[in-house]
Amino acid sequence: MRTKTDFLIIGSGIAGLTYALKVAAHGTVTLITKVQAEESNTKYAQGGIAGVLEGPDSFENHVKDTLIAGAGICDENIVRMVVTEGAERIREIIEWGTRFDRSDDGGFDLAQEGGHSAPRVLHHKDSTGNEIERALLAAIDKHPNIQVYTHYFAIDIITQHHLGMEVRRNTPDITCYGAYVLNTRTGSVETILSRCTLVATGGIGQVYRATTNPVIATGDGIAMVYRAKGTVKDMEFVQFHPTALYLPGESPSFLISEAVRGAGAVLRTKDGREFMAGYDPRGSLAPRDIVARAIDQEMKLRGDEFVYLDCTNLNREYFMQHFPAIFAKCKSIGLDPLNVMIPVVPAAHYSCGGILVDEYGKSNLKHLYAAGECACTGLHGANRLASNSLLEALVFAHRAAIDSMAVAPSISHQDNVPEWNSEGTKQPNEMVLITHNRRELQQVMSDYVGIVRSDVRLKRALDRLRILYGETEALYERTIVSPSLCELRNMISVGYMIIKSAMARKESVGLHYTTDYPPAS
Ligand code: FAD
Ligand code: SIN
């Protein structure tokens, strides 16, 4: 089957949905998403969205905090742009129906998170992402120009390569004509031709064994664009959230929002010692890279499997009002967080790197945009400031929409694209080959390419990944495409990019910490 659309969007998180709502006034929109529409990293966002909408806070302070967290690697112009334009974008999603909590004086109830010098985070209790998804999907539902196809899995970006031409990395004029997508209900691969395409496929957390990201976060967009010879950047900067609930056997890991530490909770070792003050004057509210590394160090020194987050000093009423989902989760495992401490561990949480884009979300492939977590915009540098991700997604989806709407009328569909070729492939008869390799990849990445790295560990990880890559590509050649096989391929590519970027960076900075190049003290 072949569909023609003006705007193709891959992904139904905050980036894909907001872009859709904007471009829909200018043409037909086809939005595909690999499972149910709401399933995304966005849905699980707890803490909220950072933004300066009212005083006494200032844009300048938000810029400064973002630059400090980014450890000298942010693009300052982009930081200024996102922070200043962000306020307008937040107002827009409020107009579309998103409800943020307000305090008694009618202003926003702003939370504080690690690395922020002031309370600045708008939120909807502790389920902000769920509220944003709800509001945006309701707005999308009402729009006649937007077709949402759930259970459609994007396999590959279509370029000249599919017309039989040679395409080389870092050459100009590589053009995106749309995507091959698998309708997972029928099993058929369809061709979607578009004038403009937005990749909004979110994060990569599933590349690691312990992650806060849902199972959809397999880095598909980043891997697809890389295969299409697009440029991918900063992949070594993988953010580990310091406080995921320690609950062996549960995957993904449940997050205990940083806003809980913002409200006064404190990290302690198993024997009750407050340790963060010894690592950073900001204590438990230092930026995430510092806190996650300190926890990792304490666990290794003591041989412990977790540390505690002590909320017992917090007001019960306040906690239950602000963190009802966290409270309910703790209670569901028999733990009252106001009486006993919560066991927590760091878990892979966010990818600062991704598809390199300019200030309009344009990748180096013509007519291909990227926004949200899959994009590398220069905002986060070596470490993302808490709650800046939803903000970045809004600003870049908006800017990508502006550019797309301007250029779309002058772009023609490419009619010479062939149908998907599945010749010589057959149904997989041993799914274990896929599931085993997925587990092995997660193991290798977690053991060797985690919070603390070294040359030897990275080399070992690369050697293992080469084997997994060879096995998986061989399987791909002879097997009918399936989401699980495509995801495995994509995760191996992402793992490879993380390792290669980590190997290339001969310093410790932000989220990339290597014992071979310790930070200058
Ligand atoms: P996502 O919301 O992840 O959406 C990606 C979409 O792409 C999904 O619909 C997915 O199904 C689809 N997709 C992926 N691959 C394919 C494919 N091959 N074919 C078709 N569809 C595909 N950030 C903040 O700023 N504040 C917070 O408080 C916060 N809390 C967080 C808490 C948790 C537990 C997690 C996991 C993340 C949190 N983050 C937070 C980060 C933030 O939620 C994400 O970075 C952001 O929501 C990403 O939005 P997105 O639109 O880029 O991608
Ligand atoms: C959290 O609530 O701690 C997550 C915030 C974020 O990832 O930005």
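Side-chain atoms are counted along with the backbone in the values below, which use heavy atoms only and exclude waters and symmetry mates. One-based numbering, in listed order, for ligands and for the atoms of each.
- At least one heavy atom of Arg288 sits closer than 4.0 Å to an atom of ligand 2.
- In this structure, Arg384 forms a cation-pi arrangement with Tyr350, its terminal cationic atom sitting closer than 6.0 Å to the ring centre and no more than 45° off the ring axis.
- Residue contacts with ligand 1 for Leu391 are absent, since no atom lies close enough (heavy atoms, distance under 4.0 Å).
- Ligand 2 lies out of reach of Ser389, whose nearest heavy atom is not under 4.0 Å from it.
- Distances between N or O atoms of Gly47 and those of ligand 1 include at least one value under 3.5 Å.
- Checking Gly48, Ser387, Ser257, Ala244 against atom 1 (C) of ligand 2, the nearest heavy atom belongs to Ser257.
- Of all the heavy atoms of Ala393, none lies under 4.0 Å from any atom of ligand 1, so neither backbone nor side chain is involved.
- Distances from ligand 2 to the non-hydrogen atoms of Leu255 include at least one value under 4.0 Å.
- Taking the six-membered ring for Trp, Phe396 and Tyr19 have ring centres at least 6.0 Å apart.
- Residue-level proximity to ligand 1 for Glu373 is carried by backbone and side chain together, each with a heavy atom below 4.0 angstrom.
- Of the N or O atoms in Asp220, one or more lie within a sub-3.5 Å distance of an N or O in ligand 1.
- Only the side chain of Leu255 comes within 4.0 Å of ligand 1, counting heavy atoms alone; its backbone N, CA, C and O stay farther away.
- The part of Tyr350 lying near ligand 1 is the side chain, judged by heavy-atom distances below 4.0 Å.
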